[in-house]
Every structure is written in C-alpha cells, then in structure tokens.
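Okay, so here's the structure we're looking at.
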Amino acid sequence: MEVDGKVEEVERDDIRAPLLKGAQRGPGRTPAQSAGWFRYVIVVLLSYGFIMDYLLRINISFALDSDGMIPKNCTKNETRCWSQAKQGYVLSSFFWGYWFTQLPGAVICCYFGASKVFGLGLLIAILASFLCPLISGINFWLFIALRLFIGLGQGVTFPVALNIISSWAPAAQFATFTALSSGGQYLGAVLANSVSGLLASSGFLGGWPSLFYVYGGLGVLWALLWFVFVTDNPSKSYWASSAEKEYLAGSTVPRKTVQISEIPWKRILKSGKFWSTCLIHTCNGYGFFLLLTDIPKFMVETLDYDIKESGFIASVPYIMIYLGYISAGYVSDILVKREILSKTWTRKWCGLCAMFLPAIILFIMAFLENNVPILILMNIAMYFQGYAHPCYYVNYADLSPRFSAILCGIGNGLSAVAGILGPIFVGLLVNDVDHAKLHQRWKIAFISASAVWMFGSLQFCIFGSAEVQSWDSCGVNLEEEEEENLGYAGQQRI
C-alpha cells in the first residue's frame, strides 16, 4: 500500500508539474523557496476576491453620479428620482447587510469551512449585482433590500479570510501575506475609480448598468477559480506539493479546529484588550468609509470635476493606501522579526501612523479651499491609512489565533455600523444645499472624521496589546494539540 501511495503521489505531482516548478531543493535555496509557491496562488485569489468585494461595493457611487441613473430635473413621478437623502440611504444600505453577517459568518465557517463560506458569500453578492439595474427601476425600497442582500453576502469575507490566511501564511510573513491578500480591496477601488466613470458615461450595455454587468462577469470568473484551487488549509489541497505542505505545517501558527461549544463568549466580551482593538477598528471605519463612498461625490460637487476626470483623480488615494498597506505589512514583519519593536508596540506604532497623522491632515484640509493642496493632503492621508492593516486586522489574530475570525466578526461588524452612519450623515449634511455653502458642510464632515480618528488611535496606544490572551486556549488539551501538530509534520516526512 505504501508503494501504491507513493506512486499515486508521483502521478499527482506530474499532473501538477506547472504549479510545483521550483519546489525541489537546490543549492543556495532556502526551505521556503524549496517548498514551492502555491501559497502565493492562494494570496492572489484572496486579493482577487477582495477586488471583487470592493467593485461590488462602490459601483453604486459612480452609478448615482452618472447622468443616466438619476434623471436631471426629474419629478417625483419619474423612476429613480431620488433626493440626496435617499441616495445616502442607498449608499449606506449595503452596510446594513454587511454588518449583520459579520459574526454569523465567522461562526458558520466552524461548520462548513472558511474557504466555502468566503466563496459562497461573495458569489451571492456577485449574482445579486446583476439584478441592480432592473430592480432600481421598479421600486426604491426593493432596491434598498437588494443592496442590503449584497451586503449580507460580502459581510463574511473579512472575518473568514483571516482563518484562510492563518493556515497558508508562515508566521514570520503573516502581516505581509495579510496585506497582499486583503489589500485587493484597494486595487478594486483603483479599478473602479479609473474605469467606472468611463463605463457609466458610455453607451456600452446601457451606460451605468454596465457597472453591474461588467463587474458581475469578473466576479463569476473569480468564483470559478476560487472553488477549483482554494481549500481551508494546505493539508487538504490537491495542488500544493508535499514539500510545501510540510513547510507550512512547521512554519504557520498551530491552530486547532474550533467547535462552537468551545468559544469563550463571556471571556471575550469581558476582554479590555479586545475592545480596544474593536474601538480603533470602528473609529477608523467611520472616517474611511465616509471617504470611500463619498469621494466621487465630493470630487464632482465640490471640486467641480467631470465624472470621467474625477474617476481617474479619485483613484490616486487608493493607489496611495495600497502602497501604504503593502509597505506597512512588510515593515511590521521586519520590526517584529528583528526585535526592533515588540509586537505590541509595532501594532501601536501602526495605529498612530494610520489615524493620528491623517487626523491632523483632515483637520487642515477642512480649512482649505484650493483644489491642489486638498488633493495632495488627501493622498498623503490615504497613504498613512494603509498602516491601519497591521494595527487592528492583524491584531485579532495576535490576541487569539484560534478565535481570530470571531473577534474580527465582532470588530468588523461594529466598523460596519460606522459605515452605515457615515454616508447617512454626509447625505443629510449636503442635502439640498446650494453650491456656495457646500464646502462648509464638507468641512464639518472632515472635522468629525478627524476627531474620531484621533480618539481611536490614542486609546489603542493606552489600552491595546498584541499578546495572546489566556482565553485563547479554552477547550483545548495543549499536549494533545502539540502531539497532533508533530504527528502531522511527521506524516509529511514519511
């Protein structure tokens, strides 16, 4: 049987040869290089998934700002004659559903596996987006319900992705892998801001409806690739080599499967360290989601840019935040690995860079009336916003590797509440305001985000931590778990 097993493994490796190239040990090659690189395929597909996550989230902003979706000088009897306040509800309705499935999604993945929950959740949102042009012309509240449904599907992505990344990322590169994966959200924003204005103003597939059809088609392609290649962990992967499975078994943080009965709900909810992370996450979400959904509107209504031009210009902040995201992940891993800073102070340093510095910049922006310095400062602030990633998102896994999805589900859910309130607040703030007073109203929006960001970063510096909490080991026989991990690694060597 052993011989048959070996023959079978050779046959499988022959089938997967293109993916396993470079997996053989050679002179001067590190164990990581010799192990193969299929884990990077997982990172690419996670990044692609987060690109779709944000394309489906913010395409509505460009549709609302296009000439076709909201008729000019419309009467109340016309289809989609929505006031600024109603448009604010449309923008925020996504977050109502997004908030609801944060924690349930993290719990469900205990039963069905993280990769299946991530894939099905996003696929639901992809398919629902195809219906947006049709439903928006039928009934306003039905369209609100559809946007809410899209949010329900996407709400599972961030908490569940943390479980997948934890299984496929070596511990020494965890922040980098997380940045490369979840950083796809900003690549999605760059793509949306660069292309959406052109699609919306073109005659392709009816103009603004093409935003939902084109992005939906890209999503279907992603779903096919996802369900073929991605598994919850390397040991279940058909495509990863034996060498890579062995390498990841010894280099990732050991994680035992979580049973629902083992989740220490009371101890989690009483943890001050956890709530400090949730608070900085929520404060960051208020300001960031406000800018995310309303940057196109701000560019068009206040800075007097055409929708085509504003699309290209509005993509620059997301390029900046993506660069900040990747550099922050890499620098964080270096600071911890070389013991330049402790893990706790690395997270706090990132929090200050991500929120305290941008808070000062936003406050200055509130008093400027010239387009050029506003745009320059906005881009600088967005670069430093990228440092939020290795602060709170990675910190959930720091506090509890086993229950990181649960923690992220709670924190991301609270942040989504901020995402609901931000667009509604801005919608009410700028509703039916003449152009002369519009910049004053946006000044209030900037100052409010500045104050929230400053508070969030300072409280985390005082109360935050990156130490594993005692309740992470609840319900686990540590000796049994260690034997299982060693046994798995031993099996890979046989």
Side-chain angles (χ1 to χ4, degrees), residues 50 53-54 57-58 92 95 98-99 102 155 157-159 161-162 175 178-179 182-183 185-186 189 273-295 317-318 320-322 324-325 327-329 332 346-363 365 378-399 407-423 425-426 445-466:
F50 281 112
D53 183 275
Y54 265 59
R57 181 182 302 193
I58 66 175
S92 66
F95 295 99
Y98 185 77
W99 165 82
Q102 292 290 319
T157 53
F158 271 92
L162 205 52
T178 309
S182 56
Q185 59 188 305
Y186 303 117
K273 306 299 184 185
F274 165 61
W275 284 114
S276 179
T277 305
C278 284
L279 188 54
I280 191 173
H281 190 171
T282 303
C283 291
N284 186 72
Y286 174 83
F288 177 70
F289 283 134
L290 183 148
L291 293 178
L292 173 71
T293 56
D294 287 297
I295 277 181
Y318 297 101
M320 297 299 293
I321 195 172
Y322 181 74
Y325 217 66
S327 60
S332 294
T346 298
R347 306 296 182 242
K348 292 180 177 182
W349 172 74
C350 287
L352 288 173
C353 291
M355 294 173 64
F356 193 84
L357 290 179
I360 296 173
I361 292 172
L362 272 182
F363 186 81
M365 284 172 57
M378 179 183 293
N379 290 321
I380 294 174
M382 292 299 272
Y383 171 81
F384 284 109
Q385 263 284 285
Y387 281 70
H389 143 74
C391 175
Y392 58 76
Y393 189 49
V394 173
N395 191 236
Y396 292 121
D398 293 333
L399 297 176
L407 304 189
C408 186
I410 297 173
N412 219 37
L414 294 173
S415 181
V417 172
I420 294 172
L421 297 177
F425 173 65
V426 173
F446 286 149
I447 292 176
S448 70
S450 173
V452 171
W453 273 349
M454 193 168 291
F455 168 74
S457 62
L458 291 177
Q459 67 81 28
F460 185 74
C461 275
I462 297 172
F463 301 109
S465 174

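Judged purely by atom type and a 3.5 angstrom limit, Gln459 uses its side chain to pair as donor or acceptor with the backbone of Gly456. Under the 3.5 Å distance criterion, the side-chain polar atoms of Ser450 are left unmatched by any main-chain donor or acceptor of Phe446. Between the side chain of Gln385 and the backbone N or O of Ile321 there is no donor-acceptor pair closer than 3.5 Å.
Considering Asn412, Asp53, Thr157 as possible partners of Tyr98, the one that fulfils the side chain to side chain donor-acceptor pair (under 3.5 Å) test is Asn412. Screening Tyr322, Phe384, Phe50, Tyr325 for a ring-ring contact (aromatic ring centres under 6.0 Å, His included) involving His389 leaves a single residue, Tyr325. With respect to Arg347, the side chain to side chain donor-acceptor pair (under 3.5 Å) criterion is satisfied by exactly one of Asn395, Asp398, Thr277: Asp398.
In this structure the side chain of Ser415 never reaches within 4.5 angstrom of the side chain of Asn284, judged on heavy atoms. Considering only heavy atoms from C-beta on, Met378 stays 4.5 Å or farther from Met320 through its side chain. Put simply, the side chain of Ile280 reaches to within 4.5 Å of the side chain of Cys391, judged on heavy atoms. Using a 4.5 Å heavy-atom cutoff, the side chains of Cys408 and Tyr392 are not in contact. Within the 4.5 Å cutoff, the side chain of Pro317 has no heavy atoms near those of the Tyr383 side chain. For the pair Phe274/Ile410, a side-chain contact is recorded, criterion being any heavy-atom separation below 4.5 Å from C-beta on.
Across all non-hydrogen atoms, the minimal contact from Cys350 to Pro390 is SG-CG, 3.5 Å. Closest non-hydrogen pair, Ile58 versus Ala189, comes out as CD1-CA, 3.9 Å. Residue Ala445 comes nearest to Phe425 through the heavy atom pair CA-CE2, 4.3 Å, listed as atom of the first residue, atom of the second, then distance. Nearest heavy atoms, Met355 versus Cys283: CE-CB, 3.8 Å. Scanning all heavy atoms of the two residues, the minimum distance from Ala449 to Gly287 falls at CB-CA, 4.0 Å.
Annotation for Trp349: atom CH2 counts as buried by contact number, over 12 foreign heavy atoms lying within 6.0 Å.
Between Tyr393 and Phe158, the gap from one ring centroid to the other is short of 6.0 Å.
In this structure, SG on Cys278 lies 11.0 Å from CZ on Phe460, to the nearest 0.5 angstrom. Of the inter-residue distances, the one linking Lys273 atom NZ with Leu407 atom CG reads 15.0 Å to the nearest 0.5 angstrom. Remark: Met454 CE to Leu458 CG distance equals 7.0 Å, nearest 0.5 Å.
Every side chain to side chain donor-acceptor pair (under 3.5 Å) that Tyr396 has, sequence neighbours left out, goes to His281.
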For residues 356-363, tabulate all N or O donor-acceptor pairs below 3.5 Å that involve a side-chain atom, not counting sequence neighbours.
none

